[in-house]
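What you see below is based on every heavy atom in this structure, not just the backbone, and it leaves out hydrogens, waters and symmetry mates.
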Amino acid sequence: MAAPLSTVVDVYFTDTKRTRLSGSNPCRQKGIRKCFIHCTTSNSTPEAPPTPTSDNNKKNTSLSDQLAPLANKTLSTVTPDQSYAFSNSKSTWVNPTKAKRTVLSSERQKRATYSHSPQLRDLKRFAHKLNECGSSEDEFLSCLEDITRPLTREHVLLILNTLKQWQKSRLFLNWIQTQNLLPMETIFYNVTMKSLRFGKQFALIEELAHQMIDTGVPLDNITYSTIISCAKKCSLFDKAVHWFERMYKTGLMPDEVTYSAILDVYARLGKVEEVISLYERGRATGWKPDPITFSVLGKMFGEAGDYDGIRYVFQEMESVRVQPNLVVYNTLLEALGKAGKPGFARGLFEEMIESGIVPNEKTLTAVIKIYGKARWSRDALELWQRMKENDWPMDFILYNTLLNMCADVGLVEEAEILFRDMKQSAHCQPDSWSYTAMLNIYGSQGDVDKAMKLFEEMCKSGVELNVMGFTCLIQCLGRAMEFDGLVRVFDSSVERGIKPDDRLCGCLLSVVSLSHGSKDEEKVLACLQQANPKLVAFIQLIEDEKTSFETVKEEFKGIMNSAVVEVRRPFCNCLIDICRNKDLLERAHELLYLGTLYGLYPSLHHKTSEQWCLDVRSLSVGAALTALEEWMWTLTKIVKREETLPELFLAQTGTGAHKFAQGLNISFASHLRKLAVPFTQSEEKIGCFTATREDLVSWVQSNSTAAATAT
DNA sequence: TTAGGGTTAG
C-alpha cells in the first residue's frame with residue numbers, strides 16, 4: 001500500500017515555506033489583469049456558502065480557510081528568502097544557511113534523437129504486416145520469423161512504434177529479450193509501456209517496470225511519467241503515488257512533465273493541500289510552471305468549487321507571465337462554472353475571444369452549460385447565434401449541451417429546432433442524451449403527448465432509453481396526473497432491467513406529494529416500494545403521529561445518508577409537502593428543522609445589519625410555507641425579547657424561472673395573506689416580499705394584544 | 001499512440 005502523503009512531503013521536501021496568497025503581485029499582463037478586474041469588481045453572483053455537512057464542508061472549504069492554520073503559524077515578518085519555515089504539524093526545521101532543496105529538475109529530460117533511415121522501407125512494410133497478422137502468440141511469433149537480420153536498435157524502435165495493439169507490443173518486447181540479440185534499453189520499455197497505457201494495462205506496465213529494476217535497465221522520467229499517467233487513467237491513484245515516491249527514493253529527480261503528472265494525481269484525489277505544497281515547493285526553487293500545470297490547478301479548484309483557488313491560479317499565471325492557452329481557458333471556464341461564477345465565466349470567455357483564441361467545442365460546451373445553469377437565456381441565445389455566425393465548431397456533446405440549456409431555461413421551440421438539426425446532420429445524430437434532454441423539456445412542460453411520441457420514436461429507432469429518460473417520462477406523466485400511464489412506464493423500465501436510482505425515487509416521491517393522498521397515491525407508492533422500500537417505510541413512519549421526534553431524526557439521517565447528495569434536499573422538500581398535504585404541520589416543521597440541521601438548506605437565511613432575508617428559492621411550496629411560519633415565530637420571539645432588528649426584512653421566492661419553482665411566489669403570497677403578516681410584494685423585483693421593522697413590530701404587538709384580549 | 005503531463009454532457 002502507498003505510504004501516506006505526509007511521508008512523501010516530509011521525507012523528500014524539507015523546505016516548506018509557504019508564501020501563497022501573501023505575496024501576490026499586482027497584475028501586469030493585459031489579458032490576465034482584465035479578467036482579474038472582472039473577478040474582483042463585477043461579481044453579481046454570490047458564492048455558494050459552505051454547508052454544515054462534513055462532506056460538503058470539506059468540498060467547499062475555501063483556499064484561505066484551508067491555509068488558515070498554516071497562516072497562523074507562519075511569522076508574517078518572515079520574507080520568502082529566509083529558509084526556515086514549517087508547513088504543518090509534521091514540520092521539519094531546516095538549517096537557515098542551507099540552500100533550498102530542489103524538488104524537480106530545472107530541465108526536461110532530453111530525448112535521444114533518432115530517425116528511421118529511408119533504407120528501412122522494407123522493414124516498414126514488414127512492421128505493417130506484423131500489425132495486420134493475428135494477435136495470438138503463435139501467429140505473431142510465426143510472423144516474426146521473417147524479420148530482417150541482423151536486428152538493430154533502429155529496427156526494434158521502428159517496429160515498436162508501428163505496432164498498434166498492446167498485446168503485440170508486449171509480445172515483441174518479450175521476443176527481443178529472449179532472442180538476446182541486443183542489449184535492452186530504457187526506450188524499448190518506454191515505447192512498449194505507452195502502447196500498454198493505451199490499452200489501460202497497468203498491471204502489465206508494472207510488471208515491465210519490475211523487470212527493468214530486476215535486470216538493471218534504468219527507469220527515467222519518461223518511464224515514470226508513463227507509469228503514473230497509466231495508473232491515473234486506470235484510476236489507480238495509490239499506485240501513481242507509489243511510483244512517484246519510488247522515483248525520489250532512488251534519487252531520480254522528476255522533471256516538469258513527471259511533476260505536473262503527479263500534481264494531477266493529487267488533484268484528482270482531492271488532496272488540495274498537497275498539490276499546493278508541491279506546487280509551491282517547485283516554485284520556491286525556481287521552477288516556471290507551464291500552461292499544463294495551470295490547467296491541472298484550475299481543474300482542481302473548479303472541482304472543489306473553490307473560487308479563491310481559481311483566483312490564485314490567475315494570480316500565479318500573471319506572476320510567472322504565462323498567458324492562458326485554449327485548454328487553460330477551457331479549464332478555467334469550467335472551473336468558474338463549478339464555483340458558481342457565471343458572470344466571471346462570461347467575462348473570461350469574452351477576454352479569450354478578444355485575445356484572438358478561437359473557441360473549440362469544449363469551450364462552447366462549458367459556456368453554454370454555465371448560461372443554462374444560471375438561467376441566462378438571453379446570453380445563451382446570443383452565444384448560439386454567434387456560434388452559427390462564426391461557424392464555430394460543433395459536436396454532438398455541444399448539441400446535447402445546447403438541448404440541456406434549452407431545458408434549463410425553458411426554450412421549447414429552440415430545442416425542437418436543434419433536435420431537427422441533429423437529425424439532419426451527418427455526424428451529430430441524436431443519441432440517448434439528446435432524447436433524454438427532449439424528454440426533460442417535455443417533462444417539465446407536462447406535455448405528455450409529445451413526450452410519449454418521442455418515447456415511441458426512441459423505441460423504433462433503437463436508441464436506448466436510460467434511467468434518466470425514464471425519470472423524465474415519469475415526471476411528465478406525474479405532472480399531468482396520469483398515474484396509470486406512469487405505472488405502465490415504471491413497469492416497462494423494470495422489465496428492461498433499468499435500475500432505479502435516487503433521482504428516479506425523488507421523482508416518484510414528488511409524484512406522491514402531488515397525488516395529495518388520493519387513491520392514486522397508493523399506485524405511485526407501490527412503484528416507490530419496488531424502487532426504494534426504506535423510503536416508503538419512512539413515509540409511513542412520519543405519517544404516524546405517535547412516532548417520536550428522536551425516531552424520525554434517526555431514520556431521517558439514515559435515509560439521507562444513503563441517498564446521493566443532489567437528491568437530499570428534493571427528498572426533504574417532498575417529505576415536507578407530503579406532511580403538509582395531510583395536515584401534519586408539526587411533522588413538516590420537524591423535517592424542515594432536520595433538513596436545516598443536516599445542511600440541506602444552507603442558504604435559507606442571510607443576515608446583514610441592514611436586512612434579514614429568507615430565501616426559499618430552492619424549496620418546494622410546502623417547505624417554503626413551513627420555512628415562512630418558522631421565520632415568523634422566530635421573529636415574533638425576537639421582537640418580544642426586544643432584541644436588535646435590522647431595518648428591512650426580505651422574503652425571496654424567485655420568479656418561477658426555475659422549472660421546479662413555478663407557482664412558488666403565488667402560493668407564498670397567498671400564505672402571507674393567510675398568516676396576515678405585513679410582507680408586501682416588492683414593486684421593483686418580482687418574487688421578492690418586503691416588510692419594514694416598524695411593520696413587523698406593530699404586527700407582533702397587535703397580535704399579542706389580540707391574544708391577551710382573547711384570554 | 002510514432003518514448004512522457006492538462007480541457008467537453010443530467
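Among the atoms of the strands shown, base atoms are found under 4.0 Å from some heavy atom of A:Thr293. Across all strands shown, A:Thr436 has heavy atoms under 4.0 Å from base atoms, whether or not it also approaches the sugar-phosphate. A:Arg503 comes within contact range of the sugar-phosphate backbone alone, with a heavy-atom separation under 4.0 Å but no base atom that close. Counting any heavy atom pair closer than 4.0 Å across all strands shown, A:Ser195 reaches a base atom. Within 4.0 Å of A:Glu361, counting heavy atoms only, lies at least one base atom of the nucleic acid. Among the heavy atoms of the strands lying under 4.0 Å from A:Lys164 is at least one base atom, whether or not backbone atoms are also near. Residue A:Phe294 is out of contact with every strand shown, counting any heavy-atom pair closer than 4.0 Å. Within the nucleic acid shown, A:Asp501 has no heavy atom closer than 4.0 Å to any nucleic acid atom. Across all strands, A:Asp264 comes closer than 4.0 Å only to sugar-phosphate atoms, never to a base (heavy-atom distances). If you check every strand for non-hydrogen atoms under 4.0 Å, A:Thr258 touches a base.
Spacing of P atoms, B:dG6 relative to B:dT1, comes out at 14 Å, to the nearest Å.
One can find a donor-acceptor pair under 3.5 Å joining the base of B:dT8 and the side-chain atoms of A:Asp395. Within 3.5 Å, no donor on the side chain of A:Asp290 pairs with an acceptor on the base of B:dG6, nor the reverse.
Listed candidates were B:dG6, B:dT1, B:dA9. Nearest to the side chain of A:Val296 is B:dG6. Listed nucleotides: B:dA3, B:dG10, B:dG5. Nearest to the side chain of A:Lys373: B:dG10. Counting only heavy atoms from C-beta on, A:Met468 has its side chain closest to B:dG10 among B:dT7, B:dG10, B:dA3. In the set B:dG6, B:dG5, B:dA3, the nucleotide with an atom closest to the side chain of A:Gln109 is B:dA3.
Remark: A:Arg268 is in phosphate contact with B:dT7, judged by side-chain N or O atoms under 4.0 Å from OP1 or OP2.
In terms of the salt bridge (charged side-chain N to carboxylate O under 4.0 Å, His left out) criterion, A:Arg111 has no residue partners (sequence neighbours excluded).
The distance between the ring centers of A:Tyr259 and A:Trp287 falls below 6.0 angstrom.
Other residues, nucleotides and ligands place more than 12 heavy atoms under 6.0 Å from the CD atom of A:Gln177.
The distance between atom CG of A:Asn190 and atom C1' of B:dT2, rounded to the nearest whole Å, is 13 Å. One atom, CG of A:Asn400, and another, C1' of B:dG10, lie 11 Å apart when rounded to the nearest Å.
Using a 30° and 60° split on the angle between ring planes, A:Tyr312 and A:Tyr279 fall in the perpendicular class, above 60°.
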